[in-house]
Every structure is written in C-alpha cells, then in structure tokens.
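Here is the naming used below: chain letters follow the sequence lines, and residue numbers restart at 1 for every chain.
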There are 2 protein chains.
Amino acid sequence: MTEKRKLTLLDIANELNISVSTVSRALKSHPDIAEETIRMVKEFAEKHNYVPNALAVNFRKNKTYNIGLIVPELVHHFFSTVISGAIDCAKKSGYNVLVSQSNDKLEDEVVACKTMLASSVDGLLISISNETVEGEHIKAFIDEGKPVIQFDKISDLLDTPKVIVDDFEGAYKAVSHLIDQGYKKIAHIRGRLEVKNANERAKGYKKALEDRGLEFDPDWVKVCTLINEQEGYDFAKDLLNSKNPPDAIFCITDLVALGVLKYLKEISVQIPKEMGVFGFSNWKLAEIVNPGLSSVDQHGYQMGETAAKLLITFLENKNEFINDTLELKTDLVIRGSSLRFENHANQ
Amino acid sequence: MTEKRKLTLLDIANELNISVSTVSRALKSHPDIAEETIRMVKEFAEKHNYVPNALAVNFRKNKTYNIGLIVPELVHHFFSTVISGAIDCAKKSGYNVLVSQSNDKLEDEVVACKTMLASSVDGLLISISNETVEGEHIKAFIDEGKPVIQFDKISDLLDTPKVIVDDFEGAYKAVSHLIDQGYKKIAHIRGRLEVKNANERAKGYKKALEDRGLEFDPDWVKVCTLINEQEGYDFAKDLLNSKNPPDAIFCITDLVALGVLKYLKEISVQIPKEMGVFGFSNWKLAEIVNPGLSSVDQHGYQMGETAAKLLITFLENKNEFINDTLELKTDLVIRGSSLRFENHANQ
DNA sequence: AACGATTGTGCAATCCTTTGCAGGCACACT
DNA sequence: AGTGTGCCTGCAAAGGATTGCACAATCGTT
C-alpha cells in the first residue's frame, strides 16, 4: 500500500509552465483556451494518469455526488430490489448510493439520517420505519436544502415527493381476480391500521367486493401486527374455524400468505380448489412454494429507479421537477394458488 | 427547500469575538483552551445548531468516512445479509457504506470501482464477479493507498486481506452428515471449475467420502455453469437416470437444490427416505420448501461485519491489522431433506 | 499610427477546517 | 525588577480545484 502522492493541477501547471487555472480550464475544454494548449494539457494529464481530487472538487462545489438511501430492512426481497434499481439508476448519472437500514426502529432511522447528513449526501431516498411519525430527522435534510424523496412506506406529514405503488389498485385487481375465479367469500389478512399501504390495500379489497356485489363480513378482516408467517398461520386457523369461513384469503404480503398455505396444507384443504390464496409483493418464495402463490408484483426495481431519477433530476436542477406523488401500477402474477378455472395448478 | 446558509466557525468566532482557531479547538475540548471559553463556544454552537461542514473536514483530513462495498448481485439473500452486517458494523464506527453491484460482469465491476474511487471512498470491500481475473481496477485502489478487503468470492491474484467461509469444512460437514444418515452413494452438483469456492466445496465433498471409505464415481459430479434451479433439475434427472444412480445429492447452492427437489417430487422419489438432498448457503427458501432443505449456513451477516471491521481497523491505523485470510466457520442447518434417521421430515 | 476587438492566459480569492508555531499575559520565584 | 514558567489565544498556512476579472498579445480597421 505505497501511497503515491497524487498528481495535482499545480504539478501539471509547473511541469508545463502554465498556470493552474489554465490547466483546470484546458481539462474541461473551456473555449477560452487555445486548442494547442488543451491538447498539450490533456495529453500530459492522460499520460501521467491525472485524476482530480474528488474531495477538493466536492468541497469547492459543495456537492458529493452521493445520495442516501434508507430502508426499513435490507435483507428483504422487495427492498433489495428497490435498492438495486436505485443504484443502477444513480450509477448512470455518476452518483453513488449510501445505503442504510432502520430495522423499522425510529431510533436507528434517526442515527442513519444523522450519519448521512453529516457525511454530506446530496439528497435522500427514504422508506420510513413503522415507528416514524413526525420525522424531524428527515426535515433536517430539507432544512439544509437537501431534497428528500419518500418511497413505498411514506408519511403524508412530510412534504416531499413520493413514489409509491398503487396499493389500492393492486388489491382491487387481486380481489377481482379471485372473484373472477368464482370465489365468493373472500377474507383479508391485513396490516396495521396506522400503516398507509395496509389501509390502501384494505380499501381496494373492500371496493372490489362492493363493485361486484359480494358479501362482506367484518369478521373476515384480520389485522396483523408483526406481519410474519406465524400470524398468517394463526389467522388462517381462526378464519377456517369460524362460523362463516371464507373460501379465499387475500393477504397483506406473501410471507403471511405462506403461513396461510402452511395451515391449509396441514388440514388438507385443497388449493385452489377449495380455497384460493393471494399474496402481495411477489417475493421469490411465491414461485417456490407449491402450488405457486399468486401475488401482486410491485415492481420494486422500477420504484428504486423512479425515486432515484426523481432525486437526481432535482439535484441537477432540471426544472422539470414535480413535487408530487407518483403511483406505480402493479401487475398480478397469477400462479396455482388462485387459479381455479384453468388447469395450471402446478405452474 | 430554503437553503439556510450554514453556520461556520468564522461566524461563531466573529460573534464571540475570538478567533476561528480557538473556536475549532474549543469545540473539541482541546486542553489549551480555557474551560470558560470552551463552555461559551459549545453553548453558542449548540444554541445555533452548528454542524461542521463535512466536505471541508473531509477535504482537510483527506478522508470521507465512506467505504465502498461491491457485490456481484444485490438481490440475493446471502449478499444482502453480508451488506446488512457490513452496514451495521460501519455505522458503529461512524462510517457510511456505498453499495454497488457488478451483476457478475467485469465491465460493471470496473465502472463501479471507478465511480467509487472517484468519489473517494476510504476503502473497499469487494466480492468479485465471476469474470474478474486480473483486477487492475481493484489494484487502482491499492495504488492510491486505499485498503481493499476481499470477501466470499475472492481472487488470490490480488494481495489483500480476505474474509471467506471455510467452504471445504462446510462441504465436509454436510457430506459427513449425509453419510451419518446412511446415504452411501452421494453425488455432487458443483459450480464452475474456475471458481474457488466451488473447488473448495468439491474438495470437502471428496475428502469426506474418502475419510469414510465410501464409493466415489466421477459421473456423480456435475458441473453447473449458471447455477440456477433449472440446472439442478436437469442434473438431478441425469443422475437419477444414470447407470449408477446416487442416493443423495449435495448441491453447490440452495437454488440448485431446489431444482433437484422439484425433479424428485415430480418423479415421486421420497425425500429423505429414498434420497437425501443437501444445499449450501441456507437461503430463506430452504426453510420454506417442503420438506425443509438442509443447508450449510455461511453466516453472511458475520462475514459482512468481519470484513467491515477489518477494513475500519486498518483505516483507523490501529496496527493490529493483519494482512491475512480469515476463514469463518459454517454451521449445518439440518432440515427434513436429509434427516432420515429421526422423524422430523416436516420440520 | 492609433485604437478597438478578439483571443488566450494568469492572478488571486474562495470554499471551511485544522494545526504548528508564535506570542501575550499573569503569576511566582530569585 | 527581572526572569522563567504556564496558560490561553491568534496568526497564517495548507489542502486542491474553480472562476471572476484583469491583463497581455495579436490582428484588423480607420
């Protein structure tokens, strides 16, 4: 690890007997500089492998070309897809992405924000934790003139552009599909009442039932708090053993649906014949289980790309910037767990 | 987004009628500064919410407190676990992590390295792509005096510390377990011949057979190139339909094992009774499939932590630094797919 | 011949913090 | 009173790139 002293503009200037400013301008082909000089400087720089000192440039320009990205959980198929999209998009514009996670804890989120703010990112992409309400730590970015974009899990209390999935529409489509497949008594295992995405999905679920004139039983709506497999399992048990058992279950997320599937298999209920199951998020697991789990694809990659592009557009001061909420459309991925009318149960 | 001009040391100095240097020192409780002055400065700074200009500090100190992290694939359970560990560890020491992915392509890796080098990370954690051989782009970091740590997928041509999993031992333990379970004809679906991890696992496999005096048939070793589910499926078919079919298959990774399981189910071979299956990496899917897939846990989180800690130790100039290869031990996670002697097939 | 326009280059300030060194001041001791 | 010793504070340079402005040189025009 021999630390070569890096070549600076001054070195080049001395070597070529011209001034630092001329070198600087020559390297960016400034029109004031003579062709000949430009050629000479560039050749020299090339030959000696000159790389501008990024730290100095950043300092001067008051820009880092880094953007922050905070998600509740990194080890999570959906979020890693989003990150992937954001990174790929940022890379195209020469930005790097600083990634951090909040573990869905406010405290961790605050720390992550502080470190990022201190280390001077140019802007922030964030999907807030379940515990985040006021978001003073996020406002701190805005106060410093650093743009923030919220995505997926958002708070309306923060006045920033947002990129979200049209949860309502996704749920509506999923439930409509179940109805199309002949299911008549559709339950919903939903997420927490305070979480916006969960509410939107619940609304979509209800609207679909209404629009098609189907029965709605409040007992068919179960509220998850942890949103894990076990809850799916437990609620499936509840539902199946109730007075008015449903014939299909629409779940807030695939993990919950997995628990449902597990219980149904245990008591040998046939899927999709006797009971339909629909998930949300289209995790990897949805294609692995047997029968395949129908799910709503949220296009995480696209969400990451969109959010990053929005942020970068702002940073580059293109005035096309829109302080608005972008809703990405979802797509249904139909697999065996909900496909009663065609013979694809093993897809 | 009103860009408040940020408070500088000069502002404070003017306000308090002392010099910039005194303010600077007072803020870090330098022993040269009088208690009274320190109190006054800190109070003022606190009240007016002074935050040092990170860009200026970085420039001055020639340090960014950012470290780069490049993986072949971000949307991948193992790697996201590693990233998670690295980020959590870095956060503790006040470092941020810049994440990028190579998509297992040399070209992308080179670009990622360049952007990171340009944006001045203090050091790099990298798991190289399958295509990387020489690694000039990685040497560029070392040439600039920036430490590099390789992890998981490494190249011995690059003289850097490395954090890897003891693949040999993991494979050895897995195969030994299969032997303990009474399997006698154990096949191995392995990874590419040029990839070190794959070779180590293959060695461990072979050594376990030798040590227990079991038959070894070269036809039982199949070489994956893409390392996906389909290959697992296809090779399982090959193996099962060969002259000398095995009674257990040890797979290079869980995804391949999944394909194997799929084929076995299709032809109604009973797992684990008639055939044992063992994976590697302990992905989420291993616990989801039925029967559960036995696998080798690589402790990705720990690997990320270890690599990050190593790098940061170096950066902080603690001379405890060791330019060496750290091998993390693996653990077997035994599930239904290999458990013939106990009645846990549904675990 | 003198002046203006044009082209090419350099000077010097700026961004903000850190830090080696110098110096002022007060007190104590000879 | 003079010298020495600490203690506290300030000066100024450094770090590398950028950029407004000034200036020098060249050429063309009247």
Practice problem: Tell me whether B:F59 is stacked on the nucleobase of D:dG15, counting only the six-membered base ring and applying the 5.5 Å and 30° thresholds. | Solution: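 Yes; by the centre-distance and plane-angle rule, B:F59 counts as stacking on D:dG15.
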Mind calculating the distance between [atom1] ([X]) and [atom2] ([N]) to the nearest angstrom?
{"X": "B:L9", "N": "C:dC16", "atom1": "CG", "atom2": "C1'", "answer": "7 Å"}
{"X": "A:Y50", "N": "D:dG16", "atom1": "OH", "atom2": "P", "answer": "10 Å"}
{"X": "A:E144", "N": "C:dC16", "atom1": "CD", "atom2": "C1'", "answer": "15 Å"}
{"X": "A:L55", "N": "D:dA14", "atom1": "CG", "atom2": "C1'", "answer": "14 Å"}
{"X": "A:I12", "N": "C:dG10", "atom1": "CD1", "atom2": "C1'", "answer": "17 Å"}
{"X": "B:L16", "N": "D:dG10", "atom1": "CG", "atom2": "P", "answer": "10 Å"}
{"X": "B:N62", "N": "C:dT19", "atom1": "CG", "atom2": "P", "answer": "13 Å"}
{"X": "B:L10", "N": "C:dC16", "atom1": "CG", "atom2": "P", "answer": "9 Å"}

Quiz prompt | First encountered from the 5' end of DNA chain D, between B:A56 and B:I38 | solution =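 Whichever sits nearer the 5' end wins; that is B:I38.
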Exercise. Quickly, which of B:C113, B:S129, B:S127 forms a side-chain contact (heavy atoms from CB on, under 4.5 Å) with B:S102? Name it, please.
Key: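 So the option named by the test is B:S129.
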Quiz item: Between B:K42 (side chain) and B:M40 (backbone), is there a donor-acceptor pair under 3.5 Å?
Solution: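 Side chain of B:K42 to backbone of B:M40: no pair is present.
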Exercise. May I have the step-by-step check of salt bridge (Lys or Arg N to Asp or Glu O under 4.0 Å) for B:K47 and B:E43, ending in yes or no?
Key: CA-CA 6 Å; B:K47 188 171 152 205; B:E43 207 164 75; over 6 Å; no
Quiz item: Reckon B:T37 has a side-chain N or O less than 4.0 Å from the OP1 or OP2 of D:dT9?
Solution: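 For D:dT9, OP1/OP2 do have a side-chain N/O of B:T37 under 4.0 Å.
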Quiz item: Given side chains that start at C-beta, do those of A:I142 and A:T160 come closer than 4.5 Å, heavy atoms only?
Solution: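 Counting from C-beta outward, A:I142 and A:T160 do come under 4.5 Å.
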Self-check item: Of residues 17-35 of chain A, the positions that come close to DNA chain D - non-hydrogen atoms, cut-off under 4.0 Å
Solution: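 Those residues are A:V20, A:S21, A:S24, A:R25, A:K28.
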Exercise. Just grab all the salt bridge (Lys or Arg N to Asp or Glu O under 4.0 Å) pairs involving residues 49-70 of chain A, residues at least two apart or on different chains.
Key: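 Checked against salt bridge (Lys or Arg N to Asp or Glu O under 4.0 Å) - neighbours excluded - the pairs reaching residues 49-70 of chain A are A:K63-A:E316.
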Side-chain donor-acceptor pairs of residues 68-78 of chain A under 3.5 Å, sequence neighbours excluded:
| from | atom 1 | to | atom 2 | distance (Å) |
| --- | --- | --- | --- | --- |
| A:H76 | ND1 | A:F78 | N | 3.2 |

Self-check item: B:D156 with B:K196: basic N within carboxylate O range, under 4.0 Å
Solution: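 B:K196 and B:D156: salt-bridged.
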